[in-house]
Amino acid sequence: MNQPSILLDGLPVPFVDGQTIMDAAMAADIFIPHLCHHPEFKPQGSCKLCTVKANGRYVSACTLPARDGMEVENNSPDLNDKRRTLLQMLFVEGNHFCPSCEKSGNCMLQALAYELEMLSPHFDQFYPNRPVDASHPEVLLDFNRCILCELCVRASRDLDGKSVFSLSGRGITKHLIVNAESGRLADTDFSWADTAAHVCPVGVILKKRSGFAVPIGKRRYDVEPIARQVERLAARRADEES
Ligand code: SF4
Ligand code: FES
């Protein structure tokens, strides 16, 4: 029996049973924009950056199982326009002052904004005023940059076995909290060696006393902006097909 496949932007992409559209795309070296997805964690579908059109309907690629013959649109002006709006909403909801952020150049939110040519925040800024947590000896938390992707929540709970982080509240009041009676990171068993310390795609979980160590031009997305990753993936795919 032939392996089932989806048609992703007109290209047949095989998948195995149980894979999502995102899994199939990643396995075929095709980039679908995403923020809350990480191949090592269970998908949760919150950022909506991976929105694609599957058989004409808007869906999250990271949660929708692939089905044989499904026609999926990913890289289109319509979808990228919607993704740009989602990025603008994330930028105004937090305080993303990139020029003073240690994560600048290593930040996935910023890199996607460059990739999708987001030129302005467009909406009014919310200017949240959540106190930073500098209680931990190794790590600083700046909650004003949190995009609620829950990667740290999932990493701490599922890989580190510690459940240091949670989301609390609803709607616009939803925010990241530290699971300690005091609410302080210092009162948990969190450590810089934890997986959760290294998964934040933005500048919330930062190592103390080591800021701005990588020169501009050598930071992660300076060296390989997302556009270049997309080109590299396409080139690899073309090589494999020839
Ligand atoms: S702290 Fe970082 S990893 Fe955790 S939910 Fe916020 S943005 Fe995501
Ligand atoms: S990556 Fe799919 S919803 Fe965030």
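Just the heavy atoms: all of them, side chains too, but no hydrogens, waters or symmetry mates, feed the values below. Both counts, for ligands and for their atoms, begin at 1 and track the order of listing.
Looking at Glu102 and Arg209, no side-chain N of the basic residue comes within less than 4.0 Å of a carboxylate O on the acidic one, giving no salt bridge. The pair Lys42-Asp158 does not meet the salt-bridge criterion, since no charged nitrogen lies less than 4.0 angstrom from a carboxylate oxygen. The residues Arg84 and Asp81 are annotated as salt-bridged, a charged nitrogen and a carboxylate oxygen being separated by less than 4.0 angstrom. Taking 4.0 Å as the cut-off between side-chain N and carboxylate O, Lys218 and Asp222 do not count as a salt-bridged pair.
Atoms of ligand 1 lying under 4.0 Å from any heavy atom of Glu150, numbered from 1 in the order shown and given with element: 5 (S), 8 (Fe). Listed by number with element, the atoms of ligand 2 under 4.0 Å from a non-hydrogen atom of Cys50 are 1 (S), 2 (Fe), 3 (S). Distances below 4.0 Å separate heavy atoms of Val202 from the following atoms of ligand 1: 7 (S). Every atom of ligand 2 with a heavy atom of Cys47 under 4.0 Å away is listed here by number and element: 1 (S), 3 (S), 4 (Fe). Taking a cut-off of under 4.0 Å to the non-hydrogen atoms of Cys200, the atoms of ligand 1 that pass are 1 (S), 2 (Fe), 3 (S), 7 (S). Close approach to Cys62 involves these atoms of ligand 2, each under 4.0 Å from a residue heavy atom: 1 (S), 2 (Fe), 3 (S). Every atom of ligand 2 is numbered from 1 in the order shown, and the set under 4.0 Å from a heavy atom of Lys48 is 3 (S), 4 (Fe). Shown in contact with His34 at under 4.0 Å from a heavy atom are these atoms of ligand 2, numbered in order with element: 1 (S).
The 12-atom threshold is not exceeded at OH of Tyr114, counting heavy atoms of other residues, nucleotides or ligands nearer than 6.0 Å.
Counting only heavy atoms of the protein, atom 6 (Fe) of ligand 1 lies nearest to Cys146 SG, 2.3 Å. In terms of protein heavy atoms, atom 4 (Fe) of ligand 1 is closest to Cys152 SG, 2.3 Å.
By the 4.5 Å heavy-atom criterion applied to side chains, His198 and Trp192 are counted as neighbours. Side-chain contact between Thr20 and Cys62: absent, with no pair of heavy atoms (C-beta onward) separated by less than 4.5 Å.
A tilted orientation is assigned to the rings of His34 and Phe31, their planes being inclined by 30° to 60°.
With a heavy-atom cut-off of 4.0 Å, Ser46 touches ligand 2 through its backbone alone. Heavy atoms from both the backbone and the side chain of His37 come within less than 4.0 Å of ligand 2. Contacts between Arg145 and ligand 1, counted as non-hydrogen atom pairs separated by less than 4.0 Å, are absent for every part of the residue. Only the side chain of Leu176 comes within contact range of ligand 1, with a heavy atom under 4.0 Å; no backbone atom does.
Residue contact annotation: Cys149 places no N/O/S atom under 2.8 Å from atom 2 (Fe) of ligand 1.
For the 3.5 Å distance criterion, the side chains of Asp133 and Ser135 qualify, holding a donor opposite an acceptor.
The closest approach between any non-hydrogen atom of Val199 and ligand 1 is not below 4.0 Å.
A centroid separation of less than 6.0 Å is found between the aromatic rings of His136 and Phe190.
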